[in-house]
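Structure, as structure tokens:
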Amino acid sequence: LLVLTEGRDGGRIRLGELSMRWNARTVDSIDTVGCGDVFTGVLAASIFSGLDLTAALDRSASAAALTATRHGAISAIPDDAEIKAFQRTS
């Protein structure tokens, strides 16, 4: 598994022979500290919980976007309910 995050440009992932790009969610960013870490952590957790890769990437991009709308690093990490609500409204 190889993941390359590219900030507002989304990123790329390679898993064996599968290669995909994803788009970042557009938000009014306040602080981007930790966004890549949140993306990677949520991606790993989503894959391990059984989500398919497309759904895992969407969830991860949503979590990273939410993180960018808040100040700080750890305090900016969204919880599961916040991620789901953001996905429903964006």
Side-chain angles (χ1 to χ4, degrees):
L1 175 65
L2 175 65
V3 179
L4 176 63
T5 60
E6 300 173 316
R8 74 177 99 194
D9 295 325
R12 294 177 267 173
I13 188 167
R14 183 166 188 134
L15 180 61
E17 295 299 314
L18 176 64
S19 181
M20 296 174 65
R21 281 198 60 75
W22 73 86
N23 295 320
R25 303 277 189 150
T26 302
V27 294
D28 292 326
S29 295
I30 294 172
D31 185 352
T32 60
V33 170
C35 291
D37 295 326
V38 167
F39 179 91
T40 304
V42 172
L43 179 63
S46 298
I47 290 170
F48 287 124
S49 72
L51 285 181
D52 65 54
L53 190 54
T54 301
L57 288 169
D58 181 63
R59 181 171 173 70
S60 302
S62 296
L66 276 171
T67 301
T69 66
R70 303 169 178 177
H71 290 287
I74 294 174
S75 61
I77 299 171
D79 64 25
D80 186 59
E82 292 171 317
I83 297 168
K84 287 178 180 175
F86 182 80
Q87 287 180 294
R88 283 192 301 272
T89 61
S90 62

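Note that the structure is a prediction, hence the values are computed from the model and not measured.
- When each of Leu51, Leu57, Asp52 is paired with Thr54, the side chain to side chain contact (heavy atoms under 4.5 Å, CB included) condition holds for Asp52 and for no other.
- Of the residues Leu53, Leu18, Ile13, the one that meets the side chain to side chain contact (heavy atoms under 4.5 Å, CB included) test with Leu1 is Ile13.
- The side-chain heavy atoms of Val3 and Phe39, taken from C-beta on, include a pair separated by under 4.5 Å.
- Residue-environment remark: CZ (Arg8) stays at or below the threshold of 12 foreign heavy atoms within 6.0 Å.
- Taking 4.5 Å as the limit, every side-chain heavy atom of Asp9 sits out of range of all side-chain heavy atoms of Trp22.
- When atom types are taken as modelled, the side chain of Asn23 and the backbone of Gly10 share no donor-acceptor pair closer than 3.5 angstrom.
- Shortest non-hydrogen contact noted between Pro78 and Ala63 is CG-O, 3.6 Å.
- For Val38 against Ala64, the heavy-atom pair with the smallest separation is CG1-N, 4.1 Å.
- Atoms CD1 and OG, on Ile83 and Ser60 in that order, are 8.0 Å from each other to the nearest 0.5 Å.
- Remark: the backbone N or O of Asp37 is not paired with any side-chain donor or acceptor of Thr40 at under 3.5 angstrom.
- Taking all atoms of both residues into account, the shortest heavy-atom contact from Gly7 to Ala24 is O-CB, 3.5 Å.
- Between the side chain of Thr69 and the main chain of Leu66, a donor-acceptor pair closer than 3.5 Å is present.
- Of all heavy-atom pairs spanning Val33 and Ala73, the tightest one is CG1-CB, 4.0 Å.
- For residues 77-90, every residue pair satisfying the side-chain hydrogen bond (donor to acceptor under 3.5 Å, both in side chains) rule, not counting sequence neighbours, is listed here: Arg25-Ser90, Asp58-Gln87, Arg59-Asp80, Arg70-Glu82, Asp80-Lys84.
- Distance check: Arg14 CZ to Leu4 CG gives 13.0 Å after rounding to the nearest 0.5 Å.
- Residues Arg12 and Met20 have side chains not in contact (no heavy-atom distance under 4.5 Å, counting atoms from C-beta outward).
- Atom NE2 of His71 sits about 4.5 Å away from atom CD1 of Ile30, to the nearest 0.5 Å.
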